[in-house]
Amino acid sequence: MKNILLGILLIAISSTSLAAETPAQFMKRYVGYFNDEDLERYQTTFEFPVISSKGGVLEVFADPEVPMANFDNIKKTGWVRSRIDSINVLSESSAAALVEFSFSRINSEGRPFFQSTGYYGLVSTDDGWKIQSWFFVKPVTVGND
């Protein structure tokens with residue numbers, strides 16, 4: 001009985017923490033899933049359909065079963081991990097947020113080889129913040145293009 005109560009308490013705490021998560025905290029979690037190459041959790045950070053604009057190429061991803069990243073292909077670019085350079089919440093309401101996000105891709109020598117800034121449109125869901133759009137002026141790959 002004690003273990004059941006502890007389990008219920010942990011579920012309640014984890015649900016509360018996601019609900020209270022800020023857009024900046026969400027973006028850190030999102031990058032953590034990316035760096036861990038945790039495709040299952042990474043997929044949960046999106047609210048479909050997702051609008052993507054990278055380097056002037058507009059795409060709409062409507063199927064949550066189609067992976068939003070291919071880590072094997074990203075590794076072919078020299079990527080080992082990504083580093084957050086800055087997160088700026090430009091606008092936020094209880095329903096949506098616009099986040100300016102700068103990052104660097106780091107190679108096996110620990111050096112940045114690609115840097116970019118993008119703008120993420122987040123929406124608030126029952127499961128917390130999720131990405132519904134992203135906009136990058138500079139072409140950036142997540143390995144599935």
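Since this is a predicted model, take the numbers as computed values, not measurements. Reckoned from all heavy atoms, side chains included, excluding hydrogens, waters and symmetry mates.
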Quiz item: Quick one: is the NZ or CZ of Lys138 closer than 6.0 Å to the six-membered ring centre of Phe114, and within 45° of its axis?
Solution: yes
Exercise. For Leu39 and Pro67, work out which heavy atoms get closest and say how close.
Key: CD2-CB, 3.8 Å
Practice problem: Would you name the heavy atoms of Ala20 and Gln25 that are closest together and state the gap between them? | Solution: O-OE1, 4.1 Å
Exercise. Can you measure from CZ (Arg83) to CD1 (Ile106) and round to the nearest 0.5 angstrom?
Key: 4.5 Å
Exercise. Assess whether side chain to side chain contact (heavy atoms under 4.5 Å, CB included) is satisfied between Tyr120 and Phe26, documenting all intermediate values.
Key: CA-CA 11 Å; Tyr120 284 73; Phe26 164 80; over 6 Å; no
Quiz prompt | Nearest-0.5 Å distance that lies between atom CZ in Phe103 and atom CD1 in Ile87 | solution = 12.0 Å
Quiz prompt | Met27 CE to Ile131 CD1 distance, which is reported to the nearest 0.5 Å | solution = 5.0 Å
Quiz prompt | Considering all heavy atoms, the nearest Val66-Gln43 contact | solution = O-NE2, 3.2 Å
Practice problem: Any chance you could measure Glu92, atom CD, to Leu122, atom CG, to the nearest 0.5 Å? | Solution: 9.0 Å
Self-check item: Transitive ILVMFWY side-chain link Phe135 to Val31, under 4.5 Å
Solution: no
Quiz item: Taking it one step at a time, do Val89 and Thr22 satisfy side chain to side chain contact (heavy atoms under 4.5 Å, CB included)?
Solution: CA-CA 9 Å; Val89 179; Thr22 68; over 6 Å; no
Practice problem: Please lay out, stage by stage, how Trp79 and Asn35 fare under the test side chain to side chain contact (heavy atoms under 4.5 Å, CB included). | Solution: CA-CA 10 Å; Trp79 174 82; Asn35 282 338; 3.7 Å; yes
Quiz item: Looking only at atom types and distance, does a side-chain atom of Asn88 sit under 3.5 Å from a main-chain N or O of Leu90, one as donor and one as acceptor?
Solution: no
Quiz item: If every non-hydrogen atom of Ala97 is compared with every non-hydrogen atom of Pro23, which pair is closest and at what distance?
Solution: CB-CG, 3.9 Å
Practice problem: Please name the pair of heavy atoms, one in Phe71 and one in Asp38, separated by the smallest distance, quoted to 0.1 Å. | Solution: CE1-N, 4.4 Å
Quiz item: Shortest non-hydrogen contact from Thr117 to Phe136?
Solution: O-CD2, 3.5 Å
Quiz item: How about Lys130 and Phe46: do any of their side-chain heavy atoms sit closer than 4.5 Å?
Solution: no
Exercise. Decide side chain to side chain contact (heavy atoms under 4.5 Å, CB included) for Phe61 and Glu59; before the verdict, give the C-alpha distance in whole Å, the side-chain angles of both, and the deciding distance to 0.1 Å.
Key: CA-CA 6 Å; Phe61 298 93; Glu59 294 181 88; 3.8 Å; yes
Quiz item: Would the number of heavy atoms belonging to other residues, nucleotides or ligands and lying under 6.0 Å from CZ of Arg41 be above 12?
Solution: no
Quiz prompt | From Trp129 atom CH2 to Asp127 atom CG, the distance as rounded to the nearest 0.5 Å | solution = 13.5 Å
Quiz item: Do Tyr30 and Ile84 belong together in a cluster built from hydrophobic side chains that touch within less than 4.5 Å?
Solution: yes
Exercise. Is it possible for you to say whether Phe113 and Val80 belong to one hydrophobic cluster, with membership spreading through side-chain heavy-atom contacts below 4.5 Å?
Key: no
Practice problem: Establish whether Tyr119 and Met68 are linked, either directly or via other cluster members, by ILVMFWY side-chain heavy-atom contacts under 4.5 Å. | Solution: no
Quiz item: With a 4.5 Å heavy-atom cut-off, do Gln132 and Val50 have their side chains touching?
Solution: no
Quiz item: When rounded to the nearest 0.5 angstrom, what is the spacing between CD in Gln115 and OG in Ser102?
Solution: 9.0 Å
